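Below is one structure, written out as structure tokens; comments come after it.
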Amino acid sequence: MNYWLMKSEPQAFSITDLKKRPQQTEHWDGVRNYQARNFMRAMKKGDLAFFYHSSCEVPGVYGIVEIAHEAYPDDTAWDRKNSHYDPKSTPEEPRWYMVDVRFKRELKHPITLTQIKNQAALKNMRLVQPGSRLSVMPVTAKEWDTILKLSEE
DNA sequence: GCCAACGTTGGC
DNA sequence: GCCAACGTTGGC
């Protein structure tokens, strides 16, 4: 079992939106960064991920999702009308991948970016490394537990 | 809206 | 293969 963190701008797609989707499941498409893509390809069905809200009033971890389907080609890449259209990706040779995520639950208390930065046990999190802008990244079991524990307090 | 950090592109 | 220019991310 692996742990992850996935970022989304809540005005585009929030944990609440995911909760309202049929089967509470949605494709995680639009990732156009190789490192993030590689992390998605490493995801296994049943892995858990934090749902992180970015570029919003209070950035932070708001909920937990489960990987419901392992990586498969992201067809938005060859849709000309899609804002993430990439002519270098084709159905024959897909460059970008997506996974399906299923809503698990919201955190009782969301853990804000500020809290994460102030927590000694979390100072090595990839999320808070200077210049780290990855939208998909791994989280260690220890970091996972620390955030969960904080969210129950 | 600003801007620092980073990734990608493309000319050479 | 270098590197400048440009675009994007995301916190503030």
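Everything quoted here is computed from the prediction, not taken from an experiment. Convention: sequence-line order gives letters A, B, ...; per-chain numbering from 1.
Whole-Å rounding puts the A:Met125 CE to C:dG10 P distance at 14 Å. In this structure, A:Asn33 places its CG atom 10 Å from C1' of B:dC6, rounding to the nearest Å. Atom P of nucleotide C:dG10 and atom CE of A:Met137 are separated by 8 Å, given to the nearest angstrom. Atom P of nucleotide C:dG7 and atom CZ of A:Arg133 are separated by 14 Å, given to the nearest angstrom. If you take CZ of A:Arg37 and P of B:dT8, they are 10 Å apart, rounded to a whole angstrom. In this structure, A:Gln129 places its CD atom 16 Å from C1' of C:dG10, rounding to the nearest Å. At whole-Å resolution of the value, CG in A:Leu113 and P in C:dG11 are 6 Å apart. Protein atom NE2 of A:His84 is 15 Å distant from nucleotide atom P of B:dT8, rounded to whole Å.
Taking the six-membered ring where the residue is Trp, A:Trp28 and A:Phe51 present perpendicular rings, their angle passing 60° and hence far from 30°.
Checking side-chain atoms of A:Glu66 against main-chain N and O of A:Arg102 turns up no donor-acceptor pair under 3.5 Å. Between the side chain of A:Arg21 and the backbone N or O of A:Phe103, no donor-acceptor pair lies under 3.5 Å.
Qualifying side chain to side chain contact (heavy atoms under 4.5 Å, CB included) partners for A:His69, counting only residues two or more places apart in sequence or in other chains: A:Tyr72, A:Asp100.
In this model, the phosphate group of C:dT9 is not approached by any side-chain N or O of A:Lys7 to a distance below 4.0 Å at OP1 or OP2. Remark: A:Lys117 is in phosphate contact with C:dC12, judged by side-chain N or O atoms under 4.0 Å from OP1 or OP2.
Of the candidate nucleotides C:dG11, B:dG7, B:dT9, C:dG11 has the atom lying nearest to any side-chain atom of A:Tyr52. Ranking B:dT9, C:dG7, C:dG11 by closeness to the A:Ser54 side chain, first place goes to C:dG11.
Residue contacts shown for A:Leu134 are limited to sugar-phosphate atoms, with no base heavy atom under 4.0 Å away.
The distance between the ring centers of A:Trp96 and A:Tyr34 falls below 6.0 angstrom.
Not a single donor-acceptor contact under 3.5 angstrom links the side-chain atoms of A:Arg32 to the base of C:dT8.
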